[in-house]
Number of protein chains: 2
Amino acid sequence: MWKDCGVDAMPEMEATLKRDAVVVPLAAKRVCGAVACRDCGVYRLCAALGLEEDELSLLERVVKRKLIFKRGGLLFRAREPAHYVYAIRSGSVKTCVGTEGGRVQITGLHLPGELLGLAGFDSREYTCEARALETTSVCQVSMQQLEEVAERLPAIHREMLCIMSGQIRHYEQLLLLLGKRNAERRLAAFLLGLSQRFALHRYSPTQFNLSMSRSDIGNYLGIAEETVCRVFTRFQEEGVITTRRRYVELHDIERLRAIAHDPGRRAAAPSALASGT
Amino acid sequence: MWKDCGVDAMPEMEATLKRDAVVVPLAAKRVCGAVACRDCGVYRLCAALGLEEDELSLLERVVKRKLIFKRGGLLFRAREPAHYVYAIRSGSVKTCVGTEGGRVQITGLHLPGELLGLAGFDSREYTCEARALETTSVCQVSMQQLEEVAERLPAIHREMLCIMSGQIRHYEQLLLLLGKRNAERRLAAFLLGLSQRFALHRYSPTQFNLSMSRSDIGNYLGIAEETVCRVFTRFQEEGVITTRRRYVELHDIERLRAIAHDPGRRAAAPSALASGT
DNA sequence: CCAGCGCTTTGATCCAAATCAAAGATTTGA
DNA sequence: TCAAATCTTTGATTTGGATCAAAGCGCTGG
């Protein structure tokens, strides 16, 4: 399903850290495999813009241009001036933050229709680094011009607030995942989450490409890559999933759900204060 | 102990879901121990409002009222209509999210000057539950009226975006913390983070009240409460800190920093793709 | 078509932290 | 003031998952 549009991760040894994005003229409307505008997370934002001027001209004014990044390509670095926001049209992107200690933590896997780079609104700098996990097509949106338009159209700001609050919800879920111990549960929840998101964007919820290596997945979920392998193997033996490298098929969503939600053993339950459900 | 405010979800008390916050007339300007308005996280927001009308009258229009919650008091529940945003004036609040599995994860400890409840902007519902950890004074701000004013003043929206992006940065840091293994590092980073935040609001950065129980701290950091105790004891033996129940003194910030940033052993390092620093 | 490299898998061993237990220390309400 | 109810600590034991090692596998480029 990924190959048909030549998007599959041809890990080209691109040693270059510089942006080697390919600029695509806006005229080239449809990128094969890309989400349609109306499935894009910024669609409502674009729609709001359309309220007052000719749709395309305004889009051109704010959507700087369409870019294509190769696997490993850098969209932006942490602490770099945040001039642009990116909407993913096809492919996938991972974001990560780093400590002084040199450790790196992957904080997000972003799929088509999602928006990147808004978190730096406050400091006007990106808070994390973003890299394409495979050949990825994005819309690059100028923050400054977006702000200028927003000055007159509060709807723009409201959409931005919505997108950010969505990001916050995502992090809350991830925290929930990392707080709970068990590796099986983490992976089950991870797969289910992906499945849901793919479904949201009209991709198959039962077979997809992970696009991240075992090592990245481990980092993202706070477990060792060997453990990721072992759990995948176990799931496979139980007939819950099938994997072949980064390609996955989910055979038994219910079982996965059971694993992910397993009330299981005690896991640092908060005091009565917390459990006020 | 929680009975004092009748908020805890005891079966027999189930009916008392109502907030038993004490309403303080706006006239009562200074709450002992509360942050001054200009140290409050929403100050810029309030200031922006002041631009166009008499300060107090507009504040009264948007800041619904000042409330005081007792320890354990419920500010809001997850999935409840998000009518208000809360600015903490004094005390502290914890936020937590829950899974179907019944597990609860504490996602935040909020100190004076911080803002709560904005994450629900998208869905117009709170995404998490918020409870006072001690007697806590807050400003309750009406979302609807805030939005009405924002319609004319983009600055309001910009401030909200800033506050949200700050929240996102906080979560990114927390993820970094939960991703890295070692319990000592988690606790060292936790203490340092608190110290910084207290300093930010003009409280002592070296002696403060944790306000959370060991159990809550463990939940927040993804470790068992017994481990929290043991690590605190170890820190104490090394002369790095002193604790007495929830009261802490930091004696050797540098040492704490060293522990927190310890390059340490391998910890699921992401692939070359990720470490593009 | 083959060699090299990076990713994935599997096995063996070790250890930090979870669990299980239970005794102090506080708090608080009867 | 006392006793139940909570927290905190500390000790003993267990264990999931990290580490260490070392084969397979599949691209990718020469």
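Per chain, numbering begins at 1; letters A, B, ... match sequence-line order. Because the structure is a prediction, the values reported are computed rather than measured. Excluded from the calculations below are hydrogen atoms, water molecules and symmetry mates; all remaining heavy atoms, backbone and side chain alike, are included.
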Checklist entry - B:N182 CG to C:dA18 P: how many Å, rounded? => result 11 Å

Next on the checklist: Counting only side-chain nitrogens and oxygens, does A:T227 get under 4.0 Å of the OP1 or OP2 atom of D:dA18?
Outcome noted: yes

Item to check | Separation of atom CG in A:N219 from atom P in D:dA18, rounded to whole Å | outcome: 12 Å

Checklist entry - So, do B:T136 and B:E134 sit near enough that their side-chain heavy atoms are less than 4.5 Å apart? => result yes

Item to check | Length of the line joining B:E226:CD and C:dC20:C1', which is rounded to integer Å | outcome: 9 Å

Item to check | Length of the CD1-C1' vector between A:I223 and C:dA18, whole Å | outcome: 17 Å

Checklist entry - Do A:V228 and A:F232 touch side chain to side chain, with heavy atoms closer than 4.5 Å? => result yes

Next on the checklist: Using only modelled atom types and a 3.5 angstrom limit, is any donor from either the side chain of B:R230 or the base of C:dT19 paired with an acceptor on the other?
Outcome noted: yes

Checklist entry - Does OP1 or OP2 of C:dT8 have a side-chain N or O of A:R246 closer than 4.0 Å? => result yes

Item to check | Integer-rounded Å distance: C:dT10 P and A:F232 CZ | outcome: 13 Å

Checklist entry - Atom CG of A:L187 and atom P of D:dG16: how far apart are they, to the nearest Å? => result 16 Å

Checklist entry - Under the 3.5 angstrom rule, does the side chain of B:Q207 hit a backbone N or O of B:L250 as a donor-acceptor pair? => result no

Checklist entry - OP1, OP2 of D:dT9 versus side-chain N and O of B:R214: anything below 4.0 Å? => result yes

Checklist entry - In whole angstroms, how far is the C1' atom of C:dT10 from the CZ atom of A:R234? => result 12 Å

Checklist entry - How are the rings of B:Y126 and B:F76 set to each other: parallel, tilted or perpendicular (split at 30° and 60°)? => result parallel

Checklist entry - Is the phosphate of D:dT10, meaning OP1 or OP2, less than 4.0 Å from a side-chain N or O of B:T233? => result yes

Next on the checklist: Any salt bridge linking B:R257 with B:E254? Criterion: basic side-chain nitrogen under 4.0 Å from a carboxylate oxygen.
Outcome noted: yes

Next on the checklist: Whether B:R244 contacts C:dT26 is assessed here as follows: a side-chain N or O lying under 4.0 Å from the phosphate OP1 or OP2. Is that the case?
Outcome noted: yes

Checklist entry - Starting at CZ of A:R245 and ending at P of D:dC25, how long is that distance when rounded to a whole Å? => result 11 Å

